[in-house]
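Start at 1 and go down the list; that is how both ligands and their atoms are numbered. Since the model is a prediction, treat every value here as computed from it, not as a measurement.
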Amino acid sequence: MSNERVRRLAILTSGGDAPGMNAVVRAAVRTALERGAEIFAVAEGFQGLVDGGDRIRKMSWNSVGGILQKGGTSIGTARCQAFRTREGRLVAAKNLIAERIDGLIVVGGDGSLTGADTFRREWTGLVAELTAQGAVPADTAQRYPRLSIVGLVGSIDNDFAGTDMTIGTDTALHRITEAIDALASTAASHQRCFVVEVMGRDCGYLALMSGLATGAGWVLIPEAPPDVPDWEERMCEVIREGHKAGRRHSTVIVAEGARDRDGKPIEAEYVRKTLQEKLSLEVRTTVLGHVQRGGAPSAFDRIMGTLLGFAAVEELLDADPDSPPCVLGIHENRVHRTPLMECVEKTRSVGLAIREHDYERAMDIRGQSFRSAFRIHKTLVRALPHTPQAGQRRFKLAVIHAGAPAPGMNTAVRAAVRLGIDQGHSIFGIRNGFEGFVEGEVTPLDWMSVHGFVSAGGAELGTSRLVPSASQVDELAKVIEKNDIQGLLIIGGWAGYEAAYRMLQARPRLAALKLPIVCFPAAIDNNLPGTEYSIGADTALNSIVEAVDKIKQSAVAWRRCVVVEVMGRHCGYLAALSALASGAERVYTHEEGITMAKLEEDLRHLVAGFSEGKRLGLMIRNENANPVFTTSVLRSLFEEEGKGLFDAREAILGHLQQGGNPTPFDRIQATRMAARAIEYLVEEQAKEKPAASYIGHRGGRLQFFPLEKFPEEVDLEHRRPKSQWWLSVLPVLRILAQPGPTRQVPPGE
Ligand code: ADP
């Protein structure tokens with residue numbers, strides 16, 4: 001291969017830093033090297049491009065080691081005035097050509113991506129000018145007819161069109177919910193009200209979603225100012241009623257850019273004063289500020305950053321160089337490509353709509369799920385349900401858990417109970433899963449009985465793994481008949497789906513079972529059909545990643561290989577995704593299997609890595625990956641073969657993976673799914689033959705699948721869906737985790 005053909009790429013992070021940027025840099029650098037390209041990191045964003053020299057650093061495989069779990073951006077970011085000018089960009093072009101770079105990955109917000117687009121459009125002119133000045137020889141200039149650009153959105157605000165989530169948003173939501181949960185306990189002790197200001201100038205995403213995730217009493221966002229002139233009075237009334245109904249604390253969340261209908265900013269201090277004056281409560285303000293940007297990235301941001309960094313390099317190396325620059329984002333769990341300027345324009349149009357006071361348009365651009373989240377939030381925080389209207393159909397619906405506890409189960413129950421009651425229905429809770437159901441443990445749930453459920457881990461209603469036998473199904477029918485239950489929501493895992501399927505099969509002989517049934521996926525294993533994720537899996541993933549971070553820290557003092565065993569039964573989701581998020585060398589799943597040949601190869605990699613100075617080897621093994629090659633067998637094998645070079649340890653994470661308070665993602669999705677499930681039960685009630693279904697998030701939306709399909713869609717023996725989307729991330733994991741590129745880059749000119 002001639003040197004001319006080795007592509008030279010660069011990556012920079014610009015604008016506000018966002019957790020997850022390091023994952024992008026790590027993935028981009030390693031992917032480029034693996035593909036035989038060279039890659040440079042530009043320090044301090046566009047400023048580094050303008051400064052040139054040692055600000056444009058050639059990266060090696062190991063130069064991005066140990067950064068995945070770090071917040072911020074290890075290559076630095078800055079705001080650069082010079083790059084806003086043509087002269088600045090001219091120097092930047094000269095510096096890139098000097099390093100023979102013709103492909104650039106820009107990670108930043110809409111400002112940075114606009115700057116990148118301008119730079120690309122001007123490129124030909126800039127190169128011509130440099131040639132005319134004699135700064136770049138004509139024959140060199142000829143080799144750089146264009147600059148290819150890929151944009152990735154790093155922004156904690158989730159304020160960008162073209163991606164479901166921007167890099168950093170999930171982590172920011174973690175920081176906000178942790179802070180509000182912490183405030184809640186002190187506020188409850190003193191019966192206080194807290195006003196919390198969160199980031200978001202033109203985008204209320206963080207405020208709205210953290211409100212949904214913490215059960216905040218009132219949320220003020222830029223896109224939807226309060227729709228009544230005396231909103232202050234309404235807000236106080238809601239908080240007052242809440243306290244009368246038994247709440248000991250309340251939170252009002254104010255987005256930085258919140259305003260009233262006339263566009264007048266609503267500041268946190270104004271909200272505090274108003275509440276203080278109108279309520280006989282102590283009200284305090286907390287401005288979260290930069291805390292929201294900081295800290296270790298969440299599992300999601302590490303995974304998304306990694307997949308996007310990988311895809312950005314593939315795009316630069318494989319896409320038609322003349323195609324317009326694109327932004328890579330995530331849509332439906334897959335990398336999604338959108339023309340860059342289309343995204344920037346759509347993003348800016350929200351700000352414009354807000355400034356023109358056209359709030360309907362602002363909400364429209366944000367999309368349907370944003371609007372419905374706002375509506376759900378407004379209902380959930382009411383102190384009391386709406387008064388039922390005359391003639392409204394009112395049903396008796398029951399909620400039950402099944403299978404192991406999963407974080408987010410309580411959140412789902414809260415949403416189901418409140419949204420159900422608000423529409424005039426009666427909601428019953430069945431205690432202790434199907435064991436309790438058979439025994440007739442059915443109790444009515446009222447509005448305040450689910451108070452505090454939004455953030456609590458575990459399963460307050462109780463759960464069990466029982467799948468009812470034929471005679472127990474007969475008992476269930478009696479309990480349903482006796483309590484006149486007209487719809488059933490089963491929030492749980494595999495046991496719940498099996499139980500529901502047995503009830504479905506018994507319908508011909510038991511008329512009482514012809515009620516609408518919805519199975520709701522709540523299981524940390526993420527092994528349920530019809531959905532890309534089940535509630536609880538994100539929390540478990542974060543618990544694993546936090547534990548592995550600690551293990552990594554403890555092990556670096558010594559050359560050590562650690563085999564970490566994670567849950568999942570026969571489903572490798574937790575193992576694969578935690579491996580991707582923690583930078584593990586190897587993942588062992590049941591889906592891929594373990595063979596002696598593979599282990600020998602892994603050992604060779606380990607020995608090679610440790611011989612070259614590596615200090616830590618991290619392997620993640622699913623608990624049922626293989627019955628012979630158990631975690632301790634792997635550990636012994638590595639220990640034996642690594643003698644003198646490294647030692648080996650095992651860490652079985654166990655039940656910590658099922659515990660903990662749900663992450664914001666699990667809370668938000670649990671709430672949305674429960675809202676849709678209740679609507680569905682009511683819709684089906686009206687039908688002659690009500691359906692039994694499972695709900696899931698697939699293809700970017702909530703869908704229902706007939707329970708009749710359950711056996712077809714799953715591998716019954718191994719209790720997992722036949723098709724699993726996440727298997728597609730395994731090749732990325734394999735590339736990034738190896739000790740170095742498998743292809744050598746020829747030395748430069
Ligand atoms: P963000 O990328 O987070 O939106 P900024 O708007 O501050 O942050 O932009 C970051 C940097 O991107 C700026 O300091 C500047 O160097 C560059 N930039 C922003 N807008 C433009 C533009 N219109 N033209 C050229 N460069 C720009």
Side-chain angles (χ1 to χ4, degrees), residues 10-22 24-25 41-52 55-56 71-73 75-96 104-123 125-126 129 147 149-163 165-169 171-172 199-203 205-206 222 256-257 289-290 292-294 301 305 308 312 325-329 338 340-352 354-355:
I11 180 164
L12 61 83
T13 51
S14 169
D17 63 309
M21 283 179 162
N22 284 328
V24 177
V25 173
V42 181
E44 321 304 333
F46 290 123
Q47 189 63 53
L49 268 194
V50 175
D51 295 346
R55 290 282 176 104
I56 306 180
T73 164
I75 61 172
T77 179
R79 313 235 184 230
C80 169
Q81 220 25 59
F83 197 74
R84 291 180 183 272
T85 65
R86 195 170 190 281
E87 299 83 73
R89 294 191 290 272
L90 189 69
V91 182
K94 187 172 111 211
N95 288 332
L96 279 180
L104 182 63
I105 300 168
V106 176
V107 194
D110 66 333
S112 307
L113 299 184
T114 307
D117 188 62
T118 308
F119 191 39
R120 181 195 184 266
R121 273 189 288 109
E122 287 176 351
W123 183 262
L126 295 173
E129 193 172 329
L147 177 70
I149 287 203
V150 173
L152 302 180
V153 197
S155 157
I156 65 163
D157 294 340
N158 205 26
D159 52 355
F160 205 83
T163 184
M165 283 290 265
T166 57
I167 299 160
T169 302
T171 307
M199 284 185 172
R201 279 205 194 98
D202 284 338
C203 183
Y205 186 89
L206 288 177
E256 239 176 345
H290 283 77
Q292 296 164 83
R293 268 190 201 291
D301 277 326
L308 290 176
C326 68
V327 166
L328 296 183
T338 324
L340 193 150
M341 280 328 279
E342 190 183 298
C343 297
V344 170
E345 271 152 30
K346 193 166 172 200
T347 302
R348 298 217 165 136
S349 61
V350 181
L352 197 66
I354 292 172
R355 272 176 280 287

- Item | Check against salt bridge (Lys or Arg N to Asp or Glu O under 4.0 Å), R355 and D202 | CA-CA 9 Å; R355 272 176 280 287; D202 284 338; 3.4 Å; yes
- In chain-and-number order, ligand 1 lies under 4.0 Å from a heavy atom of each of S14, G15, G16, F46, R79, C80, F83, R84, R89, G109, D110, G111, S112, T114, G115
Report, one line per pair, each donor and acceptor closer than 3.5 Å where one atom sits in a side chain of residues 79-87; sequence neighbours left out.
residue	atom	partner	partner atom	Å
T85	OG1	A82	O	2.5
T85	OG1	G88	N	3.1
R86	NH1	E129	OE1	2.4

- Pair T163-T166, side-chain donor/acceptor within less than 3.5 Å: no
- Give a yes or no answer on whether the side chain of D110 reaches the backbone of V344 with a donor-acceptor pair at less than 3.5 Å. no
- Item | Whether R55 side chain and Q47 backbone form a donor-acceptor pair below 3.5 Å | no
- Quick check: does any side chain N or O of D301 sit under 3.5 Å from a backbone N or O of I167, one acting as donor and the other as acceptor? no
